[in-house]
Undergrad: 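Dropping a structure here in structure tokens format, bear with me for questions.
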Amino acid sequence: MNIMKKLSCPSFFLFFIIFLNSVNVISADDHQLQNYQQVMLPGVVGPESIAFDCHGKGPYVGVSDGRILKWQGPPLGWVEFAITSSNRQRKLCDGSTDSRMEPICGRPLGLKFNEKTCQLYIADAYFGLLVVGPNGGQALKLVASAEGVPFRFTNALDIDTNTGHVYFTDTSTVFQRRDYLLAMMGGDKTGRLLKYDPRSKKVTVMHKGLAFPNGVALSKNNSFILVAESTTMQILRFWLHDDQNMTASYTPEVFAQLVRFPDNIKRNHRGEFWLALNSARWMIKKADSVPWFTEDPVGLKFDEMGKVVMMLDGKGGEALESVSEVEEHGGCLYMGSSIKPYVGIIKLNT
Ligand SMILES: *[C@@H]1O[C@H](CO)[C@@H](O)[C@H](O)[C@H]1NC(C)=O
Ligand SMILES: *[C@@H]1O[C@H](CO)[C@@H](O)[C@H](O)[C@H]1NC(C)=O
């Protein structure tokens, strides 16, 4: 598809909604591509996470060559917005899809704008937590270790809309992103949930010993945070009781048990949560054990109680076989991927 195509939601065709056990199911299979559009990236892959700025512009995506790109609409298409590596070499990095280059070029995974300051916070797998202003450029590294232990695989983040505190995950203190399969297969449990306070510039370890902590999302009123624990196929909930109490211990509860490996979680404007399920299609046999049987769940929308209220069904096709994030914005679902060369978009019937 043409990258110059206008990326505006209302021009997309409607998709089908099927009611199944009172859960809305959205399907976008390869034979019904009119439901759905792909916006190709300029020669790179892996738009893992998707963000919109405080004016609703974007999407912004972090890609395989370490850059954060911004969609400017036609005729510009994608333009470079920011980079995370301070010694990034353009000749080596620009256009790279080689994961061996990531420690030099950077690999921005988690992206989120602070709604008040319009700054973009970035979780880069190799360079820790960074921030860049509304005009982009070279991002500033904020923190790259906690309790004396360096981050090894900074992954996802969300921002408290009242305090500006940044909650983020370091997936492992042992394995880097390139070796994520080793971390999962070996049952690595060195992941951490962290909090960064932009005023004091201090980082706090909220919880350690997590098995591949991945996406994070705060609730609409910032009373709790959800963390996708990929290896255990669970979403954990941490209540954020006493924010001032730095010694408070945070004990998670299981918010949802899943049938596939969860990746990023994003909250929509109604306070619901879209969870992306990275495909492992052999896992589907387990779906018999859950009440909301589906063929190929690649995204689930949860309410605040942990109930599934909508499902994105990939129908076994290639288009949605690797969904890392589902971001609801302006009546559309934007779908990221850690390997695909495009951002997928489905218009919602709202
Ligand atoms: C915030 O939301 C949670 C979950 O819906 C609810 O239990 C809590 O009472 C709310 N807190 C405030 C202060 O509104
Ligand atoms: C802080 O949290 C700890 C652990 O939950 C608790 O024992 C302590 O009483 C709290 N301190 C204050 C001042 O709330």
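Both counts, for ligands and for their atoms, begin at 1 and track the order of listing. Start at 1 with the first residue, then count along the sequence. What's counted below: heavy atoms across the whole structure, side chains too, no hydrogens, waters or symmetry copies. Everything numeric in this text was worked out from a predicted model, so none of it was measured.
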Undergrad: Going by the order shown, which atoms of ligand 1 are within less than 4.0 Å of some heavy atom of E304?
TA: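 Contacts of ligand 1 toward E304, numbered from 1: 4 (C), 5 (O).
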Undergrad: Please indicate whether any nitrogen or oxygen in W239 is less than 3.5 Å from any nitrogen or oxygen in ligand 1.
TA: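 In fact, backbone or side chain, W239 has no N or O that close.
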Undergrad: Will you find, in the side chains of D65 and T97, an N or O donor that is under 3.5 Å from an N or O acceptor?
TA: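 No.
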Undergrad: Near S223, which atoms of ligand 1 are under 4.0 Å from a heavy atom of that residue?
TA: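 It comes down to these atoms of ligand 1: 1 (C), 2 (O), 3 (C).
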Undergrad: Return a yes/no value: protein heavy atom under 4.0 Å from atom 7 (O) of ligand 1?
TA: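 No, there is none.
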Undergrad: What verdict does the side chain to side chain contact (heavy atoms under 4.5 Å, CB included) test give for L236 and F255, after you've listed the backbone C-alpha separation in whole Å, the side-chain angles of each residue and the deciding distance to 0.1 Å?
TA: CA-CA 5 Å; L236 303 175; F255 179 80; over 6 Å; no
Undergrad: Using a strict threshold of under 4.0 Å (side-chain N to carboxylate O), is an ion pair present between K266 and E328?
TA: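 Here E328 does not pair with K266 in a salt bridge, since their nearest N and O are not under 4.0 Å apart.
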Undergrad: Quick check for you: to the nearest 0.5 Å, what is the distance between F127 atom CZ and E102 atom CD?
TA: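 The CD atom of E102 is 10.5 Å from CZ of F127, to the nearest 0.5 Å.
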Undergrad: Examine the side chains of D98 and S96 and answer whether a donor and an acceptor come within less than 3.5 Å of each other.
TA: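 Absent: no donor and acceptor within the cut-off.
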Undergrad: Considering only non-hydrogen protein atoms, determine which one is nearest to atom 1 (C) of ligand 1 and report residue, atom name and distance to 0.1 Å.
TA: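 Checked against all protein heavy atoms, atom 1 (C) of ligand 1 sits closest to N221 ND2, 1.5 Å.
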